[in-house]
*Asks:* 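One structure is given below, represented as structure tokens, and several questions about it will come after.
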Amino acid sequence: MKKNRLEIWTFVTIGLLFLFFIFLIYPMFGILKQSVISEAGKFTLNEFAKFFSSSYYTGTIINSFKVTVAVTVVTLILGIPLAYFYSFYHLKGAKFLFVTSVLCGMSAPFIGAYSWIMLLGRSGVITKALAAVGIKIGSIYGFGGILFVQAFKLFPLVFIYMVGAFKNIDNSLLEAAESMGCRGIQRFFKIVISLTMPTVLAAGLLVFMRAFADFGTPLLIGEGYRTFPVEIYVQYLGENGTNHSFAAAISVIAILVTAVVFFAQKKATDRYKFSLNALHPVEKKQAKGLKGALMYLYSYGLVLLAYAPNVYIIYLSFRNCDKSVFKPGFSLGNYRAAMNKLLVRSTQNTLFLGVFTLAVIILISVLIAYLVVRRNNFANNLIDTLSMLPYIMPGSVIGIAMVIAFSKKPLVLIGTIWIMIISLVIRRMPYTIRSATATLMQIQPSIEEAALSLGSSKIKTFFKITVPMMTNGIVSGAILSWVAIVTELSSAIILYNNKTITLTMSAYVAISRGNYGIAAAFSAVLTVLTMCSLLIYLRISKSEDIKI
Amino acid sequence: MSVGITIKNALKKFNENVIIPNLSLKVRDGEFFTLLGPSGCGKTTLLRMIAGFNSIEGGDFYFNDKRVNDLEPAKRNIGMVFQNYAIFPHYTVRKNVEFGLRNRNINSQEIKDKTDRFLKLMKIDQLADRKPDRMSGGQQQRVALARALVIEPDVLLMDEPLSNLDAKLRVEMRSTIRSIQKQVGITTVYVTHDQEEAMAISDRIGVMKEGVLQQISDPKSIYQRPINQFVATFIGRSNILEGEVQVESGQAYLVVGNKGRIPINTIEQKNMENQKVIVSARPEEILLCKDDTGILQGIVKECIFLGLNTHYVVELETGDLVEMTQESTIEDILSNGTKVSVTFNAEKINLFGKKDGINIMQGVCNDICIS
């Protein structure tokens, strides 16, 4: 073989670089440019100066950072014990626990906040009931509320990650520790947690990124506690006059913050470089006695509490409702009203957006994984690095970047569904690329070589051998991408319009206009949709393996 | 149709690292040729160059008269068997075996007939509809072999196909491979680091070290007349001693130690001269004398009764420790510390010239083509 033979993969590399340049580099450059170029077209750092000179603005980043760190810590504390009980003990209804907690993690970003407000808010059902017997509960608005809602929504991520990691612990390691007198709590921290530290850190990072960028929760329940995604939104589309340059500057600062966290996590993970491979997976023990009862109480208590908002929303959707006041009695009135508010169009858009985006993501991820693993060179490593950039970009930042880049000629995409697809592809791609790359790394190249030696062409080998072998790894990652796409809010809120509205956006619009009954109907449809997708997935894949 | 393989001046580099500097080789039509060497010697690299999976930095590769350097692996008509079997996990056994045939324009009846024939030949016809994930290593390797052979390739290339199997299965599979190869009559290049396996299976063996072929010959002459010390110690076990050849009126003698010498009658005529040599004697080529009639005195350091043979380690007067194997006798085993003397089986031992390290005995056979 000649060394520099042009093969099809070279063109794939060029094509991907081209796409990344247009849809990722160019918009990011646009946001950077907008943040430092004044309206007169001159270079200026005024917007940054404005941001840092006022504690009102710096406070938003500090607030975001504080609440996000708290959320990360709490989710780890909630999620790790649940994963430990699930992996090391026979719990009755384990599958139910797993599916339900996955569903919690999949619910739309603001449904939790909205539902908890209906329950525990100023005029919440529980608040009123307790007040009637003289018990006052504190406010769930502000820092505490954000923490409460986000922790319950995000702990499933930790749970899923940790269950995967615990599976790789070899039982003999635990037995070895025990034979040397290391047991119980000590063994849990010294062996179990130390062995899975890379996963703990990875889960922590993921939770951090999600919580930091979350827009819906602080908007609804934050009230006076101002976080930066809300501030960007206000500056960009707010009702009290907008300042695009200032929004761009906040975006740049937000990216810098997440980048620092990202690299700090990388650095921390480097200290724990080892691979686990369980020849003898851990044998589950029976959960017995008081210890067992407490485990059941904790596991079911946590999962059911976390899922309660979703159930309550479905219940509310059938209640009679006049604007923002729920009345006694049940009917389909909310759904009828929702039909008038684009329920059909929203559902169609949601499904189309989800299917199309997912297809594009899978295609690109498979190609990139192949290039990085099998054709490792400078250009392909560059693609790999670029594809990870969106990981540190909050959704609202991507939304703004899209508007800046594609609202003027030569490429006007704003207002079309395509811009929403592009932003979602960019946003969700890094996760699928990682899982595709990891899967491909475990496939021996000799299997592809065997196909080539049997006269199969490169393209045919890729589609008939490589892709089918990667399928399992990709599908398990894709289900979470799918749900994240369907429930997307933070970038969609900047990019949607009446034609491209989705279920999530419809629900949000209804809440913001005070149409609580209609909002409940939209949210219920969305909840059922995500529930069905997960059940269909579990049905097809016949496994309860879900990777992120 | 089977072909001969000719390799001329092959050069392989990974970046600036030269793996194979300049290698030439002829594999005959229909023969079972084994590349043998320690790990990292470049044998797998060479095999993958023949297959087309590794780039070729220099030299020419021919299948018969056709230069294949620039041919894709898919177009070389090779059958390849891998160390890790490389069975397609998402296909059944039958679909795995059919895979190569489906890449050619063959009608489905013919595909079925051929597949059935090779499934039977490899004795895996009962497994035809199973997926490979629950199959043993031996079964998987049978599938891999059937899959490689069913396309009737010009060349069969095997990369350490038995090294992942357990010892018993390895012996069983190697005779299967050998007999199938003879039945089909296909030119085969086989890579292994296991010298016993190489001896058992090959028509000829090429011993490699650091990217250079040391000797190419049939198993018997490789074992009995190794070209140099590396081959002597890599194939089987050899004791290495310093010695001297003295020629007196046309008769050569080997002198080892201070006292004794024995006549040697098998030195190649052109090498008949006084010279320092390296003596290479296999454990069975050193003979134990219970009195002091041998040419070297020594003390028994260790003895192990192995049934058929008894294994001794003896410290010689020269300070060297030698291993020797004697047929077990009915008498008592010598105990540690017993004084003994040893001599050599003069016909069988090998002497390498100290200057160039090359065997000076008669009957050394080396098919390396120097071009």
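Below, read A as the first sequence line, B as the second, and so on, with proteins coming before strands; counting in each chain starts at 1.
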*Asks:* When the side chains of residues 32-43 of chain B are checked against the rest of the protein, which donor-acceptor pairs come out under 3.5 Å, sequence neighbours left out?
*Replies:*
| residue | atom | partner | partner atom | Å |
| --- | --- | --- | --- | --- |
| T34(B) | OG1 | S202(B) | OG | 2.5 |
| K43(B) | NZ | G37(B) | O | 3.2 |
| K43(B) | NZ | P38(B) | O | 3.4 |

*Asks:* Considering only heavy atoms, which portion of R147(B) lies under 4.5 Å from any heavy atom of chain A: side chain, backbone, both, or neither?
*Replies:*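 Both backbone and side chain.
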*Asks:* At a heavy-atom separation under 4.5 Å, does I151(B) approach chain A through its side chain, its backbone, both, or neither?
*Replies:*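 Looking at I151(B), just its side chain touches chain A.
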*Asks:* Within a 6.0 Å radius of atom NZ on K123(B), are there more than 12 heavy atoms belonging to other residues, nucleotides or ligands?
*Replies:*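 No, because the 6.0 Å sphere around NZ of K123(B) holds 12 heavy atoms or fewer from other groups.
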*Asks:* Considering residues at least two apart in sequence or located in another chain, which fulfil the side-chain contact (heavy atoms from CB on, under 4.5 Å) criterion with A83(A)?
*Replies:*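 Here the qualifying residues are F159(A), M162(A), V163(A), F166(A).
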*Asks:* Which residue pairs pass the side chain to side chain donor-acceptor pair (under 3.5 Å) test with at least one member in residues 461-470 of chain A, sequence neighbours excluded?
*Replies:*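 Qualifying pairs, neighbours excluded: S456(A)-T461(A).
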*Asks:* Check whether any side-chain heavy atom of H90(B) sits under 4.5 Å from a side-chain heavy atom of I465(A), and report yes or no.
*Replies:*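 H90(B) reaches I465(A) side chain to side chain.
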*Asks:* Is I87(B) in contact with chain A via its backbone, its side chain, both, or neither, using a 4.5 Å heavy-atom distance?
*Replies:*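 For I87(B), the contact with chain A is made by the backbone alone.
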*Asks:* Can you tell me which portion of Y85(B) sits under 4.5 Å from chain A's heavy atoms? Options are side chain, backbone, both or neither.
*Replies:*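 The answer is neither part of Y85(B).
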*Asks:* Counting only heavy atoms not in D270(A) (residues, nucleotides, ligands), do more than 12 fall under 6.0 Å from its CG?
*Replies:*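 Buried by this count: over 12 neighbours within 6.0 Å.
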*Asks:* Would you find more than 12 non-hydrogen atoms of other residues, nucleotides or ligands less than 6.0 Å from R117(B) atom CZ?
*Replies:*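 Not buried by this count: 12 neighbours or fewer within 6.0 Å.
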*Asks:* Could you pull out the closest heavy-atom pair between K460(A) and R102(B), with the gap in Å?
*Replies:*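 Nearest heavy atoms, K460(A) then R102(B): NZ-O, 3.9 Å.
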*Asks:* Could you list which of residues 445-454 of chain A have a heavy atom closer than 4.5 Å to any heavy atom of chain B, in residue-number order?
*Replies:*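 Checking residues 445-454 of chain A against chain B gives S446(A), I447(A), E449(A), A450(A), A451(A), L452(A), S453(A), L454(A).
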